[in-house]
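Below is one structure, written out as structure tokens, with a few remarks after it.
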Protein chains: 2
Amino acid sequence: MQILQILQEDGRRAYTDIAHQLGLSEGTIRSRITRLLQDGVFQFVIHPDPEKLGLHVQAIIGLTTKLGLQNSVAEELSKFPEVRFVGAFSGKHDLIIQACFHNNEELITFVNERLSQCEGILAADVSLELKQYKDSFSFVRDEDVAI
Amino acid sequence: MQILQILQEDGRRAYTDIAHQLGLSEGTIRSRITRLLQDGVFQFVIHPDPEKLGLHVQAIIGLTTKLGLQNSVAEELSKFPEVRFVGAFSGKHDLIIQACFHNNEELITFVNERLSQCEGILAADVSLELKQYKDSFSFVRDEDVAI
DNA sequence: TGGTTTTTTACGAAATTCGCAAAAATCTTT
DNA sequence: AAAGATTTTTGCGAATTTCGTAAAAAACCA
């Protein structure tokens, strides 16, 4: 957990660095990280800033799907590169997705052409992001580390 | 863009590796990545699997806030470690957040004790995640790379 | 075109990672 | 509690990568 916490802040911290910080050998850190990766506990990735990439429009879209087609719709939507999150939910909407676009034009096109062509979507409830406060994969909590 | 695309798949790929793949020198890759980091275009992070960390319950919660308190509520919620996403939106809900919990008990506690104690929240619309299809920071699209 | 700035390249030095075998620790079973 | 088996940690030298930096190349701009 401490290793995850350190890598959360900087995914490129050297094994030797982490080892020094935690009072362990480089080999230990290396073998643990290798094991965590093999077990699929985490992955090394990058977190781009959408704004800096020209993706100025983000939206969360709640979808109502035709009974029985929820799964296929979800899998279809997961293929789109502009869609970064797809989940099935209890509550008002069967599916909730999150997507990024360069501009409003692109969002409208996505809703009107892509979504409408997707068999099984009955309704789409679009919420436009006005301001982002937090967006992270920081799952590791201090409480979990302390144990 | 090609560098980002490569690092999206493996945030730990060596500069020399990337350089070979793109037919450039190690120094070029290094200076470009250094510049991208300085400009805040992306960060090196890890993507943990919440399930593997025992976070079996995920939820998206739409919030209605008292006029004028939206901002302070959002900033307050951003401090919680269990909250991974906070955004202000147009549409039905003023704020939409995404959070992870070990179990339903923890979610209920969060809603009843944490949220209720947060001055300015008028209503909370909880959607429980039943299945996750996609969750990534893969903002870089092939279209953008090709340019 | 000539000069300026930016980017790329090259390369030795420093640091990191890798491979692996021995030591230590942990777990099992009796 | 001991003996044996398994897992984890450690300690190296070797291979690889990164770093620092100065020169070359390219791009930019009057």
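Chain A is the first sequence line, chain B the second, and so forth, proteins listed ahead of strands; every chain is numbered from 1. Because the structure is a prediction, the values reported are computed rather than measured.
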Candidates D:dT8, C:dA10, C:dG19 - which lies nearest the side chain of B:Arg30: C:dA10
Of the listed C:dC11, C:dT9, C:dT17, the closest approach to the B:Glu26 side chain comes from C:dC11
Students often mix this up, so state it plainly: with edges at 30° and 60°, are the rings of A:Phe139 and A:Phe137 parallel, tilted or perpendicular? tilted
5' precedence on DNA chain D between A:Gly23 and B:Gly27 (nearest-nucleotide basis): A:Gly23
Output field: ring centroids A:Phe80/A:Phe110 closer than 6.0 Å: yes
Go through C:dT8, D:dT18, D:dT9 for me and flag the one nearest to the A:Ser31 side chain. D:dT9
I want to check one thing: is the phosphate of D:dT18, taken as OP1 and OP2, less than 4.0 Å away from some side-chain N or O of B:Thr16? yes
In whole Å, I'd like the distance from the CD atom of B:Gln38 to the C1' atom of C:dT6. 15 Å
Looking only at heavy atoms, what is the nearest atom pair of A:Gly40 and B:Asp49, with distance? O-CB, 3.5 Å
Can you check the A:Gln21 CD to C:dT16 P distance for me, whole Å? 14 Å
What's the closest nucleotide to the B:Leu24 side chain, out of D:dT8, C:dC20, C:dT9? C:dT9
Residue pair A:His56 / A:Asn103, side-chain donor-acceptor N/O under 3.5 Å: no
Look at A:Arg12 and C:dT16 and indicate whether a side-chain polar atom (N or O) is within less than 4.0 Å of OP1 or OP2. no
So does A:Thr28 get a side-chain nitrogen or oxygen closer than 4.0 Å to the phosphate oxygens (OP1/OP2) of D:dT10? yes
Quickly work out the B:Ile18 CD1 to D:dT18 C1' distance and round it to whole Å. 12 Å
Value in whole Å for how far the C1' atom of D:dT8 lies from CG of A:Leu22: 16 Å
Would you kindly give the CD1-to-P distance between A:Ile33 and D:dT9, to the nearest whole Å? 12 Å
In whole angstrom, give the distance that lies between atom CG of A:Asp10 and atom P of D:dT18. 14 Å
Nearest of D:dT18, C:dT17, D:dT8 to any side-chain atom of B:Tyr15? D:dT18
side-chain contact (heavy atoms from CB on, under 4.5 Å) partner of A:Gln21, chosen from A:Ile29, A:Thr16, A:Ile3, A:Ile6: A:Ile6
Any B:Arg35 side-chain nitrogen or oxygen under 4.0 Å from OP1 or OP2 of C:dT6: no
Length of the line joining B:Ile29:CD1 and D:dG20:P, which is rounded to integer Å: 18 Å
For a quick check of understanding: with a heavy-atom distance under 4.0 Å over all strands, which category does B:Arg13 fall into, base, sugar-phosphate or nothing? nothing
Measure from the side chain of B:Ala14, starting at C-beta and using heavy atoms only, and say which of C:dT8, D:dT17, D:dT9 lies closest. D:dT17
From NE2 of A:His20 across to P of C:dT16 the rounded distance in Å is 11 Å
